[in-house]
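Throughout, a chain's letter reflects where its sequence line sits, starting with A, and its residues are numbered from 1. Since the model is a prediction, treat every value here as computed from it, not as a measurement.
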There are 2 protein chains.
Amino acid sequence: MGVVRKTKSVKLLLEEFEKSSSAISVITLIERLDSEMNKTTIYRALDKLEDDGVLHSFLGKNGHKWYAKCNNCSAHHHHDVHPHFQCVDCGKVDCLSETVVIPEIPNRKVHFSQVLLQGTCEQCFN
Amino acid sequence: MGVVRKTKSVKLLLEEFEKSSSAISVITLIERLDSEMNKTTIYRALDKLEDDGVLHSFLGKNGHKWYAKCNNCSAHHHHDVHPHFQCVDCGKVDCLSETVVIPEIPNRKVHFSQVLLQGTCEQCFN
DNA sequence: CCTATATTTGCAACTAAGTTGCGTTAGCAA
DNA sequence: TTGCTAACGCAACTTAGTTGCAAATATAGG
Ligand SMILES: [Zn+2]
Ligand SMILES: [Zn+2]
Ligand SMILES: [Zn+2]
Ligand SMILES: [Zn+2]
């Protein structure tokens, strides 16, 4: 169904994603926007923004949910499948443009793939 | 520190993994062994078995923890990194022997990769 | 601008995976 | 058999995410 109203909550959430291109965890959004809106609102708005192809979600290293801006997705068709990189040092997560090739798996049909890389980012390299 | 005693709990857990080669979620283990042992015991024993290189763990599609037998791992050195396949139909999860090649990522050092494939397994294909 | 209506929100209560602290039990080696 | 210590059970806790409902608000139509 997606977002049908441009509410204050939706605007504030999208502003957060405009500030930087990195992904943001739901936990972080709840912390940052604590005084602006309820966590239930955050969960529901993110859900709808994903439906609309504005954001996409994935799970970070603890199984917690993260969101990031989509590049070329439309509603109900997230064709922007790419790996994500989480820095084990600073915790930052980014979408990668590199392609990970999934081999053919005998006797199985692969519909989705989810690749999370963990390591050290440029800032934390020293 | 790993397992140092062969307790009844450890034996019962390992029996579950001998029954089939598929991975088992912690949730399933807690259900199955409910009358045999406490869930805290299950969490702690699995943790130690992973330390010892007997089992390895990963996160399924909901971010819930799964365990499977290791093939060639030793304590503190899980070199058996491979993709996992979860059937979206029956929920079963298997370790795959296929190799997923992770490309070089500029400005980042990848230490660990985690690949979860979702799709339809052989049994659910019809 | 005003009103009707459906969407969105806040709140409080809930669910469920995983963790912690502590007193008791039980492997195992001497 | 005994003693030490790892492992266990239990209950209470933590926390990410969900649900139901009444109140608020965006938006279209008049
Ligand atoms: Zn970093
Ligand atoms: Zn992404
Ligand atoms: Zn299946
Ligand atoms: Zn595996």
Do B:K6 and C:dG27 share a donor-acceptor pair, side chain to base, under 3.5 Å? no
Could you state the atom-to-atom distance from CD1 of A:I30 to P of D:dT18 in whole Å? 10 Å
Rounded distance (nearest 0.5 Å) linking atom OH of A:Y67 with atom CD1 of A:I42: 11.0 Å
For the side chain of B:S9, starting at C-beta, report the closest nucleotide among C:dG10, D:dC8, D:dA7. D:dC8
Whole-Å distance, B:L12 CG to D:dA7 C1', equals 14 Å
Between CZ on residue B:F17 and CG on residue B:L46, distance to nearest 0.5 Å: 5.5 Å
Given atom CH2 of B:W66 and atom P of C:dA17, what is their separation to the nearest angstrom? 13 Å
Within this structure, what is the CG-to-P distance between B:N62 and D:dA16, rounded to whole angstrom? 17 Å
For the side chain of A:K39, counting heavy atoms from C-beta on, which of D:dA26, C:dC11, D:dT18 is nearest? D:dT18
Which nucleotide in the set C:dT20, D:dA16, C:dT9 lies at the smallest distance from any side-chain heavy atom of B:T40? C:dT20
B:L29 CG to C:dG18 P: how many Å, rounded? 11 Å
Could you tell me how the ring of B:H82 sits relative to the ring of B:H56: parallel (under 30°), tilted (30 to 60°) or perpendicular (over 60°)? perpendicular
Separation of D:dG17 P from A:E50 CD (nearest whole Å): 13 Å
Between D:dA16, C:dT9, C:dA17, which one does the side chain of A:T41 approach most closely? C:dT9
Within this structure, what is the CG-CG distance for the pair A:N107 and B:D94, rounded to the nearest 0.5 Å? 11.0 Å
Quick one: is B:T7 getting a side-chain N or O under 4.0 Å of the D:dA6 phosphate, OP1 or OP2? no
Per the atom types in the model, does the base of D:dA6 pair as donor or acceptor with the side chain of B:R5 at under 3.5 Å? yes
Check: D:dG9 base within 3.5 Å donor-acceptor of B:R44 side chain: yes
Provide, to the nearest angstrom, the distance between the CZ atom belonging to B:F58 and the C1' atom belonging to C:dA17. 16 Å
Nearest nucleotide by nearest heavy atom, which residue falls closer to the 5' end of DNA chain C, B:Y43 or B:V4? B:Y43
What is the nucleic acid contact for A:K48, judged by heavy atoms within less than 4.0 Å: base, sugar-phosphate only, or nothing? sugar-phosphate
Can you tell me how far apart CG (A:N62) and OG (A:S25) are? Round to the nearest 0.5 Å. 10.0 Å
Starting at CD1 of A:I42 and ending at C1' of C:dC11, how long is that distance when rounded to a whole Å? 14 Å
Within the 4.0 Å heavy-atom criterion, would you say B:K65 contacts the bases, only the backbone, or no part of the nucleic acid? sugar-phosphate
